[in-house]
Amino acid sequence: MWALFLPLGVQCIGYVASSVPKCTLLSCSEHKDSSEKKHKDKEKTKHKDGSSEKHKDKHKDKDKEKRKEEKFRTTFISFCSPPRIKDEPDDDGFYASPKEDSKPLKRPREDDDTFSWEKRKEWNVVACSNSFLLILQDSKAKKAKSKDKKVPEADKRKKPKKEEEQKWKWWEEERYPEGIKWKFLEHKGPVFAPPYEPLPENVKFYYDGKVMKLSTKAEEVATFFAKMLDHEYTTKEIFRKNFFKDWRKEMTSEEKSTITNLSKCDFTHMSQYFKAQSEARKQMSKEEKQKIKEENERLLKEYGYCVMDNHKERIANFKIEPPGLFRGRGNHPKMGMLKRRIMPEDIIINCSKDSKIPPPPPGHKWKEVRHDNKVTWLVSWTENIQGSIKYIMLNPSSRIKGEKDWQKYETARRLKKCVDKIRNQYREDWKSKEMKVRQRAVALYFIDKLALRAGNEKEEGETADTVGCCSLRVEHIKLHPELDGQEYVVEFDFLGKDSIRYYNKVPVEKRVFKNLQLFMENKQPEDDLFDRLNTSILNKHLQDLMEGLTAKVFRTYNASITLQQQLKELTNPDDNIPAKILSYNRANRAVAILCNHQRAPPKTFEKSMMNLQSKIDAKKEQLADARRELKSAKADAKVRRDEKSKNKVMDQACNIAIFKGSQELPTCKCTFLDPALLCWKLTVQMLCALCGIVTGVLS
DNA sequence: ATCGTGACTTAGGAGGTATCAG
DNA sequence: CTGATACCTCCTAAGTCACGAT
């Protein structure tokens, strides 16, 4: 039944503390193709249809809503220290997975004993991400459509049939032997960034208060900076230093000798010009916008697809990254460096020998053309900031990505079968005589319980200082033998991937606590917590426990199982669709919290808060007025003792009740005002409540 | 064991567009 | 109708993990 939610749940955003978790099943921020959008639209239409139903059951729904909120609140609280995953009855019939998932030559088919599409649809919510969902949803949508009596007969016959023929069911076909990714690959090569267009004469750059005409190369780099002038980046010392250093490399010797101080550079005129341009773009007529859209579509049509083994497949990023200033996340030592323009001479093309090899742009050559069918990429180049390789690969809707994705969830499903054993084992290992084993066991416990990432070592000074489990340092945790009435609490505070802060206070088992004390003995804050452990040791161990098991499988598994449990808990089969969507979003949010998926609050947040605050003030004023009125009405009634004044008292009392009553219905339309949750969100919720915003979460 | 590299997945932010409330 | 907000797509940085050389 969960399949119902899938097309909508692909990206869910909720807010945690001053940030937002974003999640669904783990890998869901990926690009969605147009077909997915169509499904979404379809679903949306459905909701609209269902709204009359909602109206009828308004009161009922509200009660249910409240109950659910309550339930979720309790659930959430337990989530602050993520729940121990309960031992579920192993519904293996439900999880009919291919036996040798690692390298099956053939996928399970509908007619297999152990596998049916009906079953598959159900567990997919746990075991799949976008690309695959799409396909399932597609067939679902079609079924629904064919049932829909409103569809004219002619449409019914023509359209869906055509679509059906076009949909390639790769998952019903045989897989290639291990290592081989394709047999035929043909594509048109990448789309390069448009060449630099020099600024019009009237746009000036000033140095030390005087107009200065820059050489084209220096001007181009200057425009990168000018475009970012409003961004906080440009105020950061490292950014400015890196930028200036790289900019100077692009200058003529004359410019170099003149421009010696970034602070004397005035980019404001340039910046204004770009702002005006972007404003003009917004103000473009419909026709002009349409023209741009058509041009983009043309580009997509020509370069956005490739042929892989007799099928036309969508390419994810067929455009080469344009030059610009590197924007690292967090405190990145290389922020502001110049990301140079990629030329055909930097490009390696990968395709079949017998395919039509894409020609390089006139007057240029490819760096290399290779024919490696053991990899999935079509184009690659080496980027100049970190020296890492960038690739052009296929869209998530492609067979090659879908298969990988499927395999990922199959591995997670296999983990489900042995996770209890593994948990028992690491608990045993907490007592091991070997330090290495103990560390491994505690780290694994964190990865499992808190869904931490593995934490590879990183080159110091090359990237922002972030850590994962294995790379945690002593300074990242605090041990509290007792905290807020709980025993053996570990306080985590570190920057993880993308420099997103992980902050959590978790009660742990005594043995873990004692071990941590031991690991921290005689160490400096900057020393590794797990000094005898790294990701390679950990993954080697996991590999022994289960084929294909690595640290990240725990994240997939725990995210999936959490979603499933939450859906079970929060959803009532009788709920209407909007209510189910709400439950889905909440379940999803629980996963986001578990995985520490966050996003910065929107820039408009401050403003909306101000708006709410002014509403609150107005409301408070009203309440105070009403109270005053009531007081005087009461006094009045005491003296007069007539019906009229008694009624007045009643009226005023009602007014107050209404004002107060609105606090008990803290629902608000915007997603981030979902009343069920979280620190700053709760603040908003309370504000909303005070404002009497009772527009209904789902209307 | 350690290191470097390559291939691939996961993730947040920017910015455009759709939708909704007032 | 308009401005605010929600939603979505694109972009690309930042992870994970395997493998081969030393």
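What you see is a predicted model, and the numbers here were worked out from it, not measured in a lab. All chains are named by letter (A, B, ...) in the order of the sequence lines, taking the proteins before the strands, and each is independently numbered beginning at 1. We use all heavy atoms of the structure for the numbers below, so side chains are in, but hydrogens, waters and symmetry mates are not.
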Requested in this report: Round to a whole Å and report the spacing from CD1 of A:Ile292 to C1' of B:dT17.
Outcome: 14 Å

Query - d(CD, A:Glu279; C1', B:dG16) in whole Å - result: 13 Å

Report task. Please state whether the rings of A:Tyr502 and A:Phe492 are parallel, tilted or perpendicular, taking 30° and 60° as the class boundaries. Result -> perpendicular

Requested in this report: Measure from CD1 on A:Ile537 to P on B:dA1 and round the result to the nearest Å.
Outcome: 7 Å

Query raised in the report: Could you state the NZ-P distance from A:Lys282 to C:dA4, rounded to the nearest angstrom?
Result: 13 Å

Query raised in the report: With sugar-phosphate meaning primed atoms plus P, OP1 and OP2, does A:Lys339 contact a base, only sugar-phosphate, or nothing at under 4.0 Å between heavy atoms?
Result: sugar-phosphate

Query raised in the report: Is any side-chain N or O of A:Lys289 closer than 4.0 Å to OP1 or OP2 of B:dG16?
Result: no

Query raised in the report: So A:Trp170 and A:Trp406, would you call those rings parallel, tilted or perpendicular, with 30° and 60° as cut-offs?
Result: tilted

Report task. Could you state the atom-to-atom distance from CD of A:Glu462 to P of C:dA13 in whole Å? Result -> 15 Å

Query raised in the report: Just how far, in rounded Å, is P of C:dC10 from CD1 of A:Ile315?
Result: 13 Å

Report task. Could you note down all residue pairs passing salt bridge (charged side-chain N to carboxylate O under 4.0 Å, His left out) where residues 370-387 of chain A supplies at least one of them, sequence neighbours left out? Result -> A:Glu368-A:Arg370

Query raised in the report: Considering residues at least two apart in sequence or located in another chain, which fulfil the side-chain contact (heavy atoms from CB on, under 4.5 Å) criterion with A:Glu457?
Result: A:Asn534

Query raised in the report: Which pair of non-hydrogen atoms, one from A:Asp309 and one from A:Tyr176, has the smallest distance, and what is that distance?
Result: OD2-OH, 2.6 Å

Report summary line: Exactly one of A:Arg341, A:Lys390, A:Arg340 clears side chain to side chain donor-acceptor pair (under 3.5 Å) with A:Asp346, and that residue is A:Arg340

Report summary line: Hits for ring pair (Phe, Tyr, Trp, His ring centres under 6.0 Å) against A:His332, two or more places apart or cross-chain, chain-then-number order -> A:Phe326

Requested in this report: Step through the shown structure and confirm whether more than 12 heavy atoms of other residues, nucleotides or ligands are within 6.0 Å of CD on A:Glu460.
Outcome: no

Query raised in the report: Does A:Ser471 have any side-chain contact (heavy atoms from CB on, under 4.5 Å) partners at least two apart in sequence or in another chain, and if so, which?
Result: A:Val467

Requested in this report: Starting at the 5' end of nucleotides 14-22 of chain C, put B wherever the base has a protein heavy atom under 4.0 Å, S where only the sugar-phosphate does, and a dash everywhere else.
Outcome: BSBBS----

Every protein N/O lying under 3.5 Å from an N/O of nucleotides 4-8 of chain B:
residue: B:dA7; atom: OP2; partner: A:Tyr391; partner atom: OH; Å: 2.8
residue: B:dA7; atom: O5'; partner: A:Tyr391; partner atom: OH; Å: 3.4
residue: B:dC8; atom: OP1; partner: A:Lys181; partner atom: NZ; Å: 3.0
residue: B:dC8; atom: OP1; partner: A:Thr376; partner atom: N; Å: 3.3
residue: B:dC8; atom: OP2; partner: A:Thr376; partner atom: N; Å: 3.0
residue: B:dC8; atom: OP2; partner: A:Thr376; partner atom: OG1; Å: 2.9
residue: B:dC8; atom: O5'; partner: A:Thr376; partner atom: OG1; Å: 3.4

Requested in this report: Rounded to the nearest angstrom, tell me the gap between atom CZ in A:Arg281 and atom P in B:dT17.
Outcome: 11 Å

Report task. Calculate the interatomic distance between A:Ile342 atom CD1 and C:dT12 atom C1'; express it in whole Å. Result -> 13 Å

